[in-house]
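For the numbers below, each heavy atom of this structure counts, side chains included, while hydrogens, waters and symmetry mates do not.
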Amino acid sequence: GTDFCGWQIQGGVGVHRNPRPSIAGVVTAAIDELCGEEVTLVASGRTDAGVHASGQVAHFDLLNPRESDLHFLDGLNTLLPEAIRVCRIERVTESFRAQRATRKQYSYYFQQGPANLPHLRRYTMWNRRSLDEKAMDKALKYLLGKKDFAGFSNADPNVSSTVREIYEAEVTRDLVSPPGFFEPSTQSVVRVRIVGSGFLKQMVRTIAGTLKQIGEGRRAPEDMKQILARRDREEAGPTAPAGGLWLDRVWYDSDTVPGWLSSRVYDD
């Protein structure tokens, strides 16, 4: 996501035009060239500028499908820039709508250590100060269940309800070693992983910014309960930078979707 203005195609002209292309615009152009017809690409959600995705799902309709799935995948990736790759293509029923996802998983990554490693710089938020992942995990657990997350979201006039349900939430840490570094590593990545029914505008990044303050010892884990109760965005921490956020996976409640997209994996 670093090189793009987000998923959605952006308008504007002159000095107000975003100099970075949109992901949807680039992928749509590649599909149009490959198939010889104009398509409309619809995603499970619109990622913000600089946000990454390894599990985005999108659909489009073809009037005259000609390519096999394998050749279509290879041909599409040949036309796309290296920063974007399509990993899977499947035919679905006409009733499938990518935007009707019932579960999504996001992860936010903090890079922890004395230096901002170049190969992680674009995909994590570097934090020199030590983070207490156990305190962060304790705080994150207060968000489990169906709750009003108005305090963790920037206002969006298009949203009728700020109630969402969080199914899973955890904070973990993994050591990482810089290339060619043979001593015990002091670098690590702290991952904030959240699975929910849906997410409000910049909700995960605001949660991550609040957890950073808790991990640094500047706030107590119990502050999460207060932010939920007061429903005031000013009570939460700052919005964490976009580069550390990843859309990992999307699921659907439908018998017509491929098994890897079905939310029934939670019932097994």
Derivation and outcome, side-chain contact (heavy atoms from CB on, under 4.5 Å), residues Trp7 and Val51: CA-CA 9 Å; Trp7 170 268; Val51 173; over 6 Å; no
Separation between CE of Met224 and CD1 of Ile227, rounded to the nearest 0.5 Å: 6.0 Å
Under the salt bridge (Lys or Arg N to Asp or Glu O under 4.0 Å) test, residues paired with Arg164 that sit two or more places apart: none
Atom pair CG/CZ of Leu261 and Arg249 - distance to nearest 0.5 Å: 8.0 Å
Smallest separation among heavy atoms of Ala150 and Thr162, with atom names: CB-OG1, 3.7 Å
hydrophobic_cluster_shared for Ile89 and Phe60, side chain cutoff 4.5 Å: yes
Summary of salt bridge (Lys or Arg N to Asp or Glu O under 4.0 Å) pairs that have at least one residue in residues 194-203, sequence neighbours excluded: none
For Ser44, side chain to side chain donor-acceptor pair (under 3.5 Å) partners two or more places apart: Gln56
Contact list for residues 217-228, test salt bridge (Lys or Arg N to Asp or Glu O under 4.0 Å), sequence neighbours left out: Lys138-Glu222, Glu216-Arg218, Arg219-Asp223
Glu170 CD to Ile194 CD1 distance, which is reported to the nearest 0.5 Å: 10.5 Å
Same apolar cluster (I L V M F W Y, side chains within < 4.5 Å links), Leu144/Ile207: yes
Where Ala30 and Leu79 come nearest, the two heavy atoms and their spacing: O-CD1, 3.5 Å
Val190 and its side-chain contact (heavy atoms from CB on, under 4.5 Å) partner, picked from Thr172, Leu211, Val171: Val171
Donor-acceptor pair, side chain of Asp32 and main chain of Val39, under 3.5 angstrom: yes
Side chain to side chain donor-acceptor pair (under 3.5 Å) partners of Gln112, counting only residues at least two apart: none
Side chain Gln202, main chain Thr239, donor-acceptor under 3.5 Å: no
Summary of ring pair (Phe, Tyr, Trp, His ring centres under 6.0 Å) pairs that have at least one residue in residues 186-205, sequence neighbours excluded: Tyr106-Phe199
Separation between CD1 of Ile31 and CZ of Phe72, rounded to the nearest 0.5 Å: 5.5 Å
Single-linkage hydrophobic cluster Val204~Val159, side-chain heavy atoms < 4.5 angstrom: yes
With sequence neighbours excluded, residues passing salt bridge (Lys or Arg N to Asp or Glu O under 4.0 Å) with Arg231: Asp148
Partner residues of Asn77 under the side chain to side chain donor-acceptor pair (under 3.5 Å) criterion, sequence neighbours left out: none
Any donor-acceptor pair under 3.5 Å from Lys104 side chain to Gly196 backbone: no
Residues Phe149, Leu143; criterion side-chain contact (heavy atoms from CB on, under 4.5 Å); working and verdict: CA-CA 9 Å; Phe149 288 93; Leu143 304 185; 4.0 Å; yes
Any donor-acceptor N/O pair, Arg122 side chain to Asp3 backbone, under 3.5 Å: no
All side chain to side chain donor-acceptor pair (under 3.5 Å) counterparts of Thr78, not counting sequence neighbours: none
Full working for side-chain contact (heavy atoms from CB on, under 4.5 Å) between Val57 and Phe96: CA-CA 11 Å; Val57 173; Phe96 176 78; 4.2 Å; yes
same_hphob_cluster(Leu76, Leu62) at 4.5 Å side-chain heavy-atom cutoff: yes
Gap between atom NE2 of His52 and atom OG1 of Thr2 - 0.5 Å precision: 4.0 Å
Neighbour count above 12 (heavy atom, 6.0 Å) for Glu38 CD: no
Of all pairs that satisfy salt bridge (Lys or Arg N to Asp or Glu O under 4.0 Å), the ones with a partner from residues 106-120, not counting sequence neighbours: none
Polar side-chain atom of Trp126 near backbone of Gly113 as donor-acceptor pair, under 3.5 Å: yes
Minimal non-hydrogen separation, Tyr142 against Leu228, with atom names: O-CD1, 3.7 Å
Taking every non-hydrogen atom, the tightest pair across Ser153 and Leu200: OG-CB, 3.2 Å
From Leu247 atom CG to Gln105 atom CD, the distance as rounded to the nearest 0.5 Å: 9.0 Å
Arg233 atom CZ: more than 12 heavy-atom contacts under 6.0 Å: yes
Of all pairs that satisfy ring pair (Phe, Tyr, Trp, His ring centres under 6.0 Å), the ones with a partner from residues 218-241, not counting sequence neighbours: none
Under 3.5 Å: donor-acceptor pair, side chain of Ser197, backbone of Glu165: yes
Taking every non-hydrogen atom, the tightest pair across Ala242 and Ala49: CB-O, 3.2 Å
Heavy-atom side-chain proximity of Arg205 to Pro241 below 4.5 angstrom: no
Lys141 to Asp137 - nearest heavy-atom pair and separation: NZ-OD1, 2.7 Å
Donor-acceptor contact below 3.5 Å, side chain Arg97 vs main chain His59: no
Pairs touching residues 50-63 that satisfy salt bridge (Lys or Arg N to Asp or Glu O under 4.0 Å), sequence neighbours left out: none
Tyr109 and Trp246: CA distance, side-chain angles, deciding distance, side-chain contact (heavy atoms from CB on, under 4.5 Å) verdict: CA-CA 8 Å; Tyr109 293 92; Trp246 286 79; 3.5 Å; yes
